[in-house]
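One structure is given below, encoded as structure tokens.
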Number of protein chains: 4
Amino acid sequence: MAVHSTASKRKRAPDKRDRILKAAIKVFAQNGFYATRVSEIAKAAGVADGTIYLYFKNKDDVLITIFEEGIGRLLTILREVAESDEPFENRVTSIIELQLGLLEEQRDLAEVITVNLRQSSRLLKQYAAPLFMQYIEVIAGVVREGQEAGAFRQDLNPRVVARSLFGAIDAILLTWALGEGDPPALRKAGTHCASLFLEGLRKR
Amino acid sequence: MAVHSTASKRKRAPDKRDRILKAAIKVFAQNGFYATRVSEIAKAAGVADGTIYLYFKNKDDVLITIFEEGIGRLLTILREVAESDEPFENRVTSIIELQLGLLEEQRDLAEVITVNLRQSSRLLKQYAAPLFMQYIEVIAGVVREGQEAGAFRQDLNPRVVARSLFGAIDAILLTWALGEGDPPALRKAGTHCASLFLEGLRKR
Amino acid sequence: MAVHSTASKRKRAPDKRDRILKAAIKVFAQNGFYATRVSEIAKAAGVADGTIYLYFKNKDDVLITIFEEGIGRLLTILREVAESDEPFENRVTSIIELQLGLLEEQRDLAEVITVNLRQSSRLLKQYAAPLFMQYIEVIAGVVREGQEAGAFRQDLNPRVVARSLFGAIDAILLTWALGEGDPPALRKAGTHCASLFLEGLRKR
Amino acid sequence: MAVHSTASKRKRAPDKRDRILKAAIKVFAQNGFYATRVSEIAKAAGVADGTIYLYFKNKDDVLITIFEEGIGRLLTILREVAESDEPFENRVTSIIELQLGLLEEQRDLAEVITVNLRQSSRLLKQYAAPLFMQYIEVIAGVVREGQEAGAFRQDLNPRVVARSLFGAIDAILLTWALGEGDPPALRKAGTHCASLFLEGLRKR
DNA sequence: CATGAATGAGTATTCATTCAT
DNA sequence: TATGAATGAATACTCATTCAT
């Protein structure tokens, strides 16, 4: 009764929170935040409605958590790429591929983030906007460094470039998500997009 | 009593529909579609709640109308530019400036369209997606023609370029809308964006 | 300009009130009082919505008027029959045939009265119940007189007989109205009903 | 702790559905279906508005359920009487007394059924009419058998007799319900009604 | 910790009624 | 008188949240 059962006794369901988040990402992606009922999340997660409130303050909090942890995860990886010592061109390409690649595996997360980033509920904007800006800032950082290092032309505002790049990737993902979306097509689109931006950025 | 005053003969205000649409654009931009109450639209339009239902089937119909007429207006102007006989570079620049310029004057419309295009309500997607695709197609057309005419490099998929361009503009507008957004800043961002894409597209 | 046009000048539409009432009877019979929109009455009468309020205080008033004038008309005829000097058996038969016959021609009025008599809106009950009671009372009067004259058995409460008779006719009409309802069938049902009641009433 | 108390183990009240139905019967009888607010039903049942929707699809569904279960209950008992091996006269008398007697104890149910049976909402008629016809048919069956067995005169259409009997009882109940309605008066009216019909039906 | 029945605040929509023309 | 566009009060129903078990 002792020893070997220790682990399984402590917090039997430390994964419930995760299951709820994963389920929420799925249904938010499918139906949007407002059209999603809390009971749908619960059902998708295989828990009771009330259980969700043991892990989250309310429905908003679920979305906010997805934002924070989701974008957070993206940011972490993004920063690694951005701060690597690869040539700047490679870093830009990696950023694009990474996002597309990562999101290809986490398509729902992408959908939730890009779709709901724009929901205009004051509360959500409050949380989402700064995270979005951080995201942009990391990309802008790479551009800026590239400019300083003489790899990129210097007459472009790094933030504008970063926003453009983000928007381009986002739009490609959106169209891909709206259509049938086969992975190879997405990858090829990424290559073209990278080429377009790198030529646009190249110092002459 | 003067020259027959045609204008003064109208019964009530025949512009109610317009007032409602304008008001809706304003409040949707401010609070988002879902968070906006029909009564708020009515109040902003200076009409009674019920009046809205004399002109629109329901709340959804108001948004759909904004989409259709708003994007429709954009499309018309866009097509003129796209089919002009200016050099291709100029057309691309015009497309960007035109959109940013037009929307600068109609910031709320921009917000509504870009923000809500992605809302996942099935109904709305049904209406919005085809319009969005048309939009992309017009831009892609210019790119394609430019490629065929030898003005642009030919190794890029025109649709991917179009999506990237759309996304870039969209993201710039979004950031601008999220921030304080002064018009000069937007204009300058547009110039940089244009330069970035034109260099990226240039045949070498 | 004078003489011959006098009549047509005075109150051009003294029939509007009638048209509205007739239209109301039709649509009330079809859809019931609550499910009928004032605009439907107006449309059926070929007048504008507002016109109804020139002749009636409100929607309730339209129904009340139908009750009063409709039952009033029935009562007048009924009283003539009830107070005739025919044999009592004939009077009872006439009452049945008259109602069925009259209503056959005014099926909608019948429907409105019998259906809506039972609507439980306080206001309507207030108006309808006394009229209903008068109606019953006229029939009861015939029974009572018949009893006093020795034509009918005297052990039955005249009011109970009157209610039973009214109810029987009402139910026959209702079933007839719910079904296909061809006039001959209704007439035959009336004959059977009369025979049933007359045998039941006969003094032995 | 005592003998296992089965009853006390139930979560909440499992009788909510019944309480809602009973409350609905009461308020429908009082105010009519259309004039009754859902919140009034809820208040009368001592539950929250939303609770009603846990047990019924909508307001219509509450009324339909009352019809079905109410008339259903009546039908069950009616059939027992109709198919008993009592003399036919007794069966007819029982049918009358049973209805009046049963309804005397369930005055509100009577009111709801008889009043609203005729409401012309298409939906309701759809549900109510067939039940009504079944009801008539059971009574007609007794008459028909009585005729075949030689107990009743054979020149009357059993269905017409059944409708007349139903209508008579209905009208008596209606008057009783509209007035103060003391039970003894109702019982006496029933006796008179039975006598009237039995004499009317008697073979001579 | 987990449940899910119950709650009741919140809102789109309808429609009787008004009134400027 | 007659019109019908405009009004806004009124209400069925939904769904996030709670809490007794």
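This one's a predicted model, so the numbers in the text were calculated from it and none came from an experiment. Residue numbers begin at 1 in each chain, while the letters A, B, ... track the order of the sequences.
Residue Phe56(A) contributes atom CZ, which lies 15 Å from atom P of dA16(F) at whole-angstrom precision. Separating the CG atom of Asp61(B) from the P atom of dT13(E) is a distance of 10 Å, rounded to the nearest angstrom. Between the OH atom of Tyr55(D) and the C1' atom of dA6(E) there is a distance of 8 Å, rounded to whole Å. If you take CD1 of Ile20(B) and C1' of dA5(F), they are 12 Å apart, rounded to a whole angstrom. For the pair Lys43(A) NZ and dT3(E) P, the interatomic distance rounds to 15 Å; values are reported in whole Å. Between Ile52(D) atom CD1 and dA6(E) atom P the separation is 12 Å, expressed in whole Å. Atom CZ in Arg19(C) sits roughly 14 Å away from atom P in dT1(F) (whole-Å rounding). Atom CZ in Arg17(A) sits about 16 Å away from atom C1' in dC1(E), given to the nearest Å.
Across dT7(F), dA6(E), dG4(E), the shortest atom-to-atom separation from the side chain of Ala48(A) is found for dG4(E).
Residues Phe56(B) and Ile64(B) form no side-chain contact, since every pair of their non-hydrogen atoms from C-beta on lies 4.5 Å or further apart. Under the 4.5 Å side-chain criterion, counting only non-hydrogen atoms from C-beta, Asn31(D) is not in contact with Arg37(D). At least one side-chain heavy atom of Tyr53(A) sits less than 4.5 Å from a side-chain heavy atom of Val38(A). Here the side chains of Val62(B) and Tyr55(B) are not in contact, with every heavy-atom distance at 4.5 Å or above.
Nearest-nucleotide positions on DNA chain E place Val47(D) closer to the 5' end than the other of Lys57(C) and Val47(D).
Residues passing the salt bridge (Lys or Arg N to Asp or Glu O under 4.0 Å) test with Glu69(A), sequence neighbours excluded: Arg17(A).
The shortest distance between the side-chain N/O atoms of Lys16(D) and the OP1/OP2 oxygens of dA5(E) is not below 4.0 Å. For the pair Thr51(D) and dA6(E), the criterion of a side-chain N or O lying under 4.0 Å from OP1 or OP2 is not met.
The two atoms that bring Ala42(B) and Asp49(B) nearest to each other are CB-OD1, 3.5 Å, heavy atoms only. The heavy-atom pair separating Ala45(C) from Ile20(C) by the smallest distance is CB-CA, 3.9 Å.
Pairing for dT14(F) goes to dA9(E), judged as Watson-Crick or G-U wobble with the two contacts each under 3.5 Å. Both distances falling under 3.5 Å, in either a Watson-Crick or a G-U wobble arrangement, place dT21(F) opposite dA2(E).
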With the criterion being N/O to N/O and under 3.5 Å, what pairs connect the protein with nucleotides 9-12 of chain E, and how long is each?
from	atom 1	to	atom 2	distance (Å)
dT11(E)	OP1	Arg37(B)	NE	3.0
dA12(E)	OP1	Arg37(B)	NH1	3.4
dA12(E)	OP2	Val38(B)	N	3.2

